[in-house]
Amino acid sequence: MKLTGNTIFITGGGSGIGRGLAEALHKLGNEVIISGRRMNVLAEVTMANPGMKSVEMDVTDPASIAAVAKKLIAEHPKLNVLINNAGIMTPDAVQGEVDDDIVTPMVTTNLLGPIRLTSALIGHLKQQPAAAIINVTSGLAFIPLAITATYSATKAALHSYSLSQRYLLKDTNVRVLELAPPYVQTELMGPQQLSDPNAMPLDEFIAETMKVLGTDADEVLTQRVAFLRDATGRGDSAFTTKFNDMFSGH
């Protein structure tokens with residue numbers, strides 16, 4: 001992916017991986033717009049990064065997504081990169097009766113959010129000379145963590161969705177990338193994760209990710225997540241093309 005000269009929209013850009021990506025891409029001279037539900041957090045990020053812009057958006061609300069997509073297209077006509085990063089992760093104890101108040105927000109945020117937002121922007125992205133959709137999944141998309149079964153399932157679903165999306169857009173100017181982070185020092189599962197020595201430091205993750213993002217790789221993987229990806233094999237993207245070509249007459 002070309003790392004300069006883009007207009008980039010990042011969901012969940014107020015903290016963690018979203019903020020790290022936003023700041024790294026902003027420093028390279030890209031026009032970056034971040035979104036989230038907490039305007040005070042977004043304001044803190046944009047103040048720390050002059051020129052970066054923000055917009056309030058609730059990825060669980062279809063009306064909010066539609067309104068923001070319309071605003072983005074009107075105010076940023078060169079928008080050509082969408083990074084579906086917003087996500088939540090909560091243990092769900094599926095060995096027993098699940099709490100709908102826990103699992104529904106994860107499915108809505110982690111899976112329906114990217115599907116709805118991409119749908120709202122895909123027509124515009126197709127009109128750009130070069131565009132990209134980057135779906136942020138997880139190493140748990142490949143091998144689930146049982147105590148976070150629903151989270152892992154949503155990321156596995158987004159991985160599958162990305163494969164289909166990549167295949168269907170292969171003859172367009174829109175590339176579909178999948179960014180699958182390992183366990184990183186963020187607040188995804190609480191503030192204690194920020195100092196967990198078992199988690200990859202955020203700055204190291206962003207630095208390694210940016211190097212891979214600047215290549216032609218469809219999957220943006222760091223070395224720390226490779227063991228999870230390798231457990232399932234890395235050939236599913238190529239096999240997806242072969243399998244679907246059987247049904248499309250290619």
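In this chain, numbering begins with 1 at the start of the sequence shown.
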Honestly curious: do [X] and [Y] fall in one hydrophobic cluster under the side-chain, below-4.5 Å linking rule?
{"X": "Leu177", "Y": "Ile206", "answer": "yes"}
{"X": "Leu117", "Y": "Val55", "answer": "yes"}
{"X": "Val107", "Y": "Val98", "answer": "no"}
{"X": "Met89", "Y": "Ile17", "answer": "no"}
{"X": "Met189", "Y": "Ile88", "answer": "yes"}

Between [Y] and [X], is there a side-chain heavy-atom distance shorter than 4.5 Å?
{"X": "Met52", "Y": "Glu31", "answer": "no"}
{"X": "Leu179", "Y": "Asn135", "answer": "no"}
{"X": "Leu169", "Y": "Ile133", "answer": "yes"}
{"X": "Ser54", "Y": "Val45", "answer": "no"}
{"X": "Asp196", "Y": "Tyr183", "answer": "yes"}
{"X": "Asn40", "Y": "Glu44", "answer": "no"}
{"X": "Glu208", "Y": "Met200", "answer": "yes"}

(message) Are there over 12 heavy-atom neighbours, none belonging to Lys2, within less than 6.0 Å of that residue's NZ?
(response) yes

(request) Look at atom CD of Gln192 and say whether more than 12 heavy atoms of other residues, nucleotides or ligands are closer to it than 6.0 Å. (result) yes

Enter the distance from [X]:[atom1] to [Y]:[atom2] here, rounded to the nearest 0.5 Å.
{"X": "Thr148", "Y": "Ile102", "atom1": "OG1", "atom2": "CD1", "answer": "12.0 Å"}
{"X": "Phe205", "Y": "Arg224", "atom1": "CZ", "atom2": "CZ", "answer": "11.5 Å"}
{"X": "Ile122", "Y": "Thr172", "atom1": "CD1", "atom2": "OG1", "answer": "6.5 Å"}
{"X": "Ile134", "Y": "Asn85", "atom1": "CD1", "atom2": "CG", "answer": "10.0 Å"}
{"X": "Ile73", "Y": "Gln127", "atom1": "CD1", "atom2": "CD", "answer": "8.0 Å"}
{"X": "Ile83", "Y": "Thr11", "atom1": "CD1", "atom2": "OG1", "answer": "8.5 Å"}

Does the side chain of [X] pick up a donor-acceptor pair with the side chain of [Y] at under 3.5 Å?
{"X": "Thr104", "Y": "Asp100", "value": "yes"}
{"X": "Asp203", "Y": "Gln185", "value": "no"}
{"X": "Asn110", "Y": "Thr154", "value": "yes"}

Look only at the side chain of [X] and the backbone of [Y], and say whether a donor-acceptor pair between them is shorter than 3.5 Å.
{"X": "Gln193", "Y": "Val184", "value": "yes"}
{"X": "Thr109", "Y": "Met106", "value": "no"}
{"X": "Asn30", "Y": "Asn6", "value": "yes"}
{"X": "Ser119", "Y": "Ile115", "value": "no"}
{"X": "His76", "Y": "Ile33", "value": "no"}
{"X": "Arg38", "Y": "Gly14", "value": "no"}

(request) Decide yes or no on side chain to side chain donor-acceptor pair (under 3.5 Å) for Glu178 and Thr137, but give the supporting numbers first. (result) CA-CA 7 Å; Glu178 178 179 359; Thr137 60; 2.7 Å; yes

(request) Test Tyr167 against Asp245 for side chain to side chain donor-acceptor pair (under 3.5 Å), laying out the working first. (result) CA-CA 9 Å; Tyr167 178 82; Asp245 278 350; 2.6 Å; yes

(message) Does Ile10 form a side-chain contact (heavy atoms from CB on, under 4.5 Å) with Leu25? I'd like the steps, not just the answer.
(response) CA-CA 10 Å; Ile10 305 177; Leu25 290 164; 4.3 Å; yes

Give the minimum heavy-atom separation between [X] and [Y], together with the two atoms involved.
{"X": "Lys155", "Y": "Ser138", "answer": "CG-CB, 3.8 Å"}
{"X": "Gln165", "Y": "Thr118", "answer": "NE2-CG2, 3.2 Å"}
{"X": "Met210", "Y": "Leu21", "answer": "SD-CD2, 4.5 Å"}
{"X": "Ala69", "Y": "Ala120", "answer": "CB-CB, 3.6 Å"}
{"X": "Arg166", "Y": "Val176", "answer": "NE-O, 2.9 Å"}
{"X": "Pro114", "Y": "Leu158", "answer": "CB-CD1, 4.0 Å"}

(request) Pick out which of Arg234, His159, Arg229 makes a side chain to side chain donor-acceptor pair (under 3.5 Å) with Glu219. (result) Arg229

(request) Step by step, work out the side-chain contact (heavy atoms from CB on, under 4.5 Å) result for Asp99 and Asp92. (result) CA-CA 7 Å; Asp99 184 344; Asp92 47 13; over 6 Å; no

(request) Scan Asn84, Ile65, Val59, Thr60 and name whichever one has a side-chain contact (heavy atoms from CB on, under 4.5 Å) with Arg116. (result) Ile65

(message) Checking side-chain contact (heavy atoms from CB on, under 4.5 Å) between Thr7 and each of Asn80, Val32, Leu72, which is the one that passes?
(response) Asn80

(request) Any chance you could lay out the salt bridge (Lys or Arg N to Asp or Glu O under 4.0 Å) test for Arg37 and Asp61, step after step, and finish with the verdict? (result) CA-CA 11 Å; Arg37 290 184 290 185; Asp61 181 359; over 6 Å; no

(request) Applying side-chain contact (heavy atoms from CB on, under 4.5 Å), run through Leu202 and Thr186 and close with a yes or a no. (result) CA-CA 7 Å; Leu202 179 60; Thr186 68; 4.3 Å; yes

(request) Just do the side-chain contact (heavy atoms from CB on, under 4.5 Å) check on Phe9 and Val68 with the steps written out, would you? (result) CA-CA 11 Å; Phe9 181 54; Val68 169; 4.0 Å; yes

(request) Measure from NZ or CZ of Lys242 to the centre of the six-membered ring of Phe239 and say whether it is under 6.0 Å with the direction within 45° of the ring axis. (result) no

(message) Before you tell me yes or no, could you show the steps for Glu23 and Arg19 under salt bridge (Lys or Arg N to Asp or Glu O under 4.0 Å), namely the whole-Å CA-CA distance, both residues' side-chain angles and the distance that decides it to 0.1 Å?
(response) CA-CA 6 Å; Glu23 291 181 332; Arg19 177 172 182 172; 2.9 Å; yes

